[in-house]
Amino acid sequence: MAKSFWLIKSEPDVFSFEDLANCPGKTEPWDGIRNYQARNYMRDEMKRGDLALFYHSNAGPESGAVGVAAVASGGARPDPSQWDSKSKYYDAKAPKDEPRWLMVDFKWKAAFKRLVSLKEMKETPELDDMLVVKRGQRLSIQPVELKHFRAVCEMGGLSPSALKKLGV
DNA sequence: GCCAACGTTGGC
DNA sequence: GCCAACGTTGGC
């Protein structure tokens with residue numbers, strides 16, 4: 001099946017792209033997603049090998065896309081933090097036998113040579129209908145069209161050979 | 001730190 | 001099932 005493309009948001013103060021690079025195997029379970037639409041994307045559409053723009057949110061002028069990560073798990077699986085009463089992601093209403101929240105693993109793939117800021121994305125006509133540049137768009141996992149994915153990667157300074165290596 | 005946007009909750 | 005209240009996100 002063809003790859004799908006995504007944008008995943010993280011606050012760099014909480015978990016940055018650099019943090020992902022420093023994880024064992026450069027891979028980390030993407031837990032704590034507590035939004036049904038985002039969950040449904042993970043459940044229904046994300047698959048191993050899909051690529052995501054890693055987006056730093058809530059970071060002032062540094063808000064923007066910083067690199068590329070890949071889905072490293074075979075589809076979504078239950079997010080254990082929903083059952084952990086000590087976790088900030090604990091959900092008392094999540095039945096033990098029927099997980100309400102899911103997660104996938106993301107693996108660090110490639111860092112941009114430079115930040116592609118939200119401001120810059122908004123100023124790029126080619127990206128006009130990309131979700132992330134739209135007002136009030138808060139989804140932490142968003143689908144991205146291939147043309148937008150490629151355009152952002154190019155703005156970030158990834159070379160054609162780097163893109164080819166990623167399979168874009 | 002402000003506040004608009006917007007998803008979720010819960011009373012009715 | 002409506003919708004006001006509330007909480008969170010995230011740009012600015």
Side-chain angles (χ1 to χ4, degrees), chain A residues 4-23 28-46 50-71 75-106 108-109 111-145 147-149 151-157:
Chain A
S4 299
F5 298 90
W6 307 94
L7 178 145
I8 57 174
K9 293 184 185 175
S10 187
E11 299 193 20
D13 291 347
V14 179
F15 189 85
S16 69
F17 192 52
E18 191 66 23
D19 292 331
L20 182 61
N22 290 325
C23 287
E28 180 75 357
W30 205 250
D31 64 357
I33 301 293
R34 294 295 179 267
N35 171 284
Y36 287 105
Q37 205 177 342
R39 180 203 66 183
N40 294 348
Y41 282 133
M42 289 194 285
R43 183 188 63 196
D44 302 335
E45 297 186 42
M46 272 195 184
D50 281 1
L51 295 177
L53 298 168
F54 199 106
Y55 178 91
H56 281 164
S57 63
N58 210 5
E62 303 293 304
S63 292
V66 292
V68 175
V71 176
R77 63 178 189 283
D79 175 349
S81 65
Q82 68 194 301
W83 298 306
D84 176 1
S85 60
K86 291 189 284 295
S87 168
K88 69 182 235 187
Y89 301 124
Y90 178 59
D91 181 353
K93 291 184 183 166
K96 187 76 190 162
D97 54 347
E98 191 191 342
R100 174 183 291 198
W101 303 114
L102 304 172
M103 64 182 190
V104 300
D105 293 347
F106 277 107
W108 188 98
K109 280 299 203 183
F112 288 169
K113 300 227 173 5
R114 55 185 197 81
L115 169 77
V116 181
S117 70
L118 179 63
K119 180 169 184 291
E120 197 178 347
M121 289 191 229
K122 284 182 169 170
E123 288 167 356
T124 303
E126 200 179 350
L127 302 180
D128 267 354
D129 45 350
M130 200 175 164
L131 286 177
V132 74
V133 304
K134 300 205 168 161
R135 177 187 170 87
Q137 180 51 258
R138 305 186 329 189
L139 252 191
S140 54
I141 293 182
Q142 304 177 358
V144 173
E145 291 175 45
K147 62 180 180 183
H148 294 151
F149 189 91
V152 171
C153 286
E154 284 167 2
M155 289 161 75

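Note on naming: letters A, B, ... go to the chains in the order of the sequence lines (proteins, then strands), and numbering restarts at 1 for each one. All values derive from a computational prediction rather than experimental measurement.
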Atom pair distance, as rounded to whole Å: [atom1] in [X] and [atom2] in [N]:
X: Lys9(A); N: dT8(C); atom1: NZ; atom2: P; answer: 17 Å
X: Lys134(A); N: dT9(C); atom1: NZ; atom2: C1'; answer: 19 Å
X: Gln37(A); N: dT8(C); atom1: CD; atom2: C1'; answer: 16 Å
X: Gln142(A); N: dT9(C); atom1: CD; atom2: C1'; answer: 12 Å
X: Tyr89(A); N: dT8(C); atom1: OH; atom2: C1'; answer: 13 Å
X: Leu131(A); N: dT9(C); atom1: CG; atom2: C1'; answer: 16 Å

Who passes ring pair (Phe, Tyr, Trp, His ring centres under 6.0 Å) against [X], sequence neighbours left out?
X: His148(A); answer: none
X: Phe112(A); answer: none
X: Tyr89(A); answer: none
X: Trp83(A); answer: none

Below 3.5 Å is the cut-off: list the nitrogen or oxygen pairs between protein and nucleotides 10-12 of chain B, distance only.
{"from": "dG10(B)", "atom 1": "OP2", "to": "Lys93(A)", "atom 2": "NZ", "distance (Å)": "3.2"}

Under the side-chain contact (heavy atoms from CB on, under 4.5 Å) test, residues paired with [X] that sit two or more places apart:
X: Glu28(A); answer: Phe15(A), Leu20(A), Cys23(A)
X: Lys147(A); answer: Glu145(A)
X: Ala151(A); answer: Glu126(A), Leu127(A)
X: Asn22(A); answer: Glu18(A)

So which protein N/O to nucleotides 3-7 of chain C N/O distances come out below 3.5 Å?
none

Practice task
In plain terms, say whether Asp79(A) and Arg34(A) are close enough for a salt bridge, that is, a side-chain N and a carboxylate O under 4.0 Å apart.
Solution key: yes
Looking at DNA chain C, which of residues 114-123 of chain A put a heavy atom within less than 4.0 Å of it?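 Hits under 4.0 Å, by residue number: Leu118(A), Lys122(A).
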Starting at the 5' end of DNA chain B, which residue's closest nucleotide do you reach first, Asn58(A) or Gly136(A)?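 Its nearest nucleotide lies further toward 5', so the answer is Asn58(A).
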| request: Any pair with a residue in residues 88-97 of chain A that passes salt bridge (charged side-chain N to carboxylate O under 4.0 Å, His left out), sequence neighbours left out, goes on the list, sorted by first then second residue, please. | output: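 Output for this query lists Asp91(A)-Arg100(A).
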>> Within the 3.5 Å criterion, strictly below it, is a donor on Ser16(A) or Asp19(A) matched to an acceptor on the partner's side chain?
In response: yes
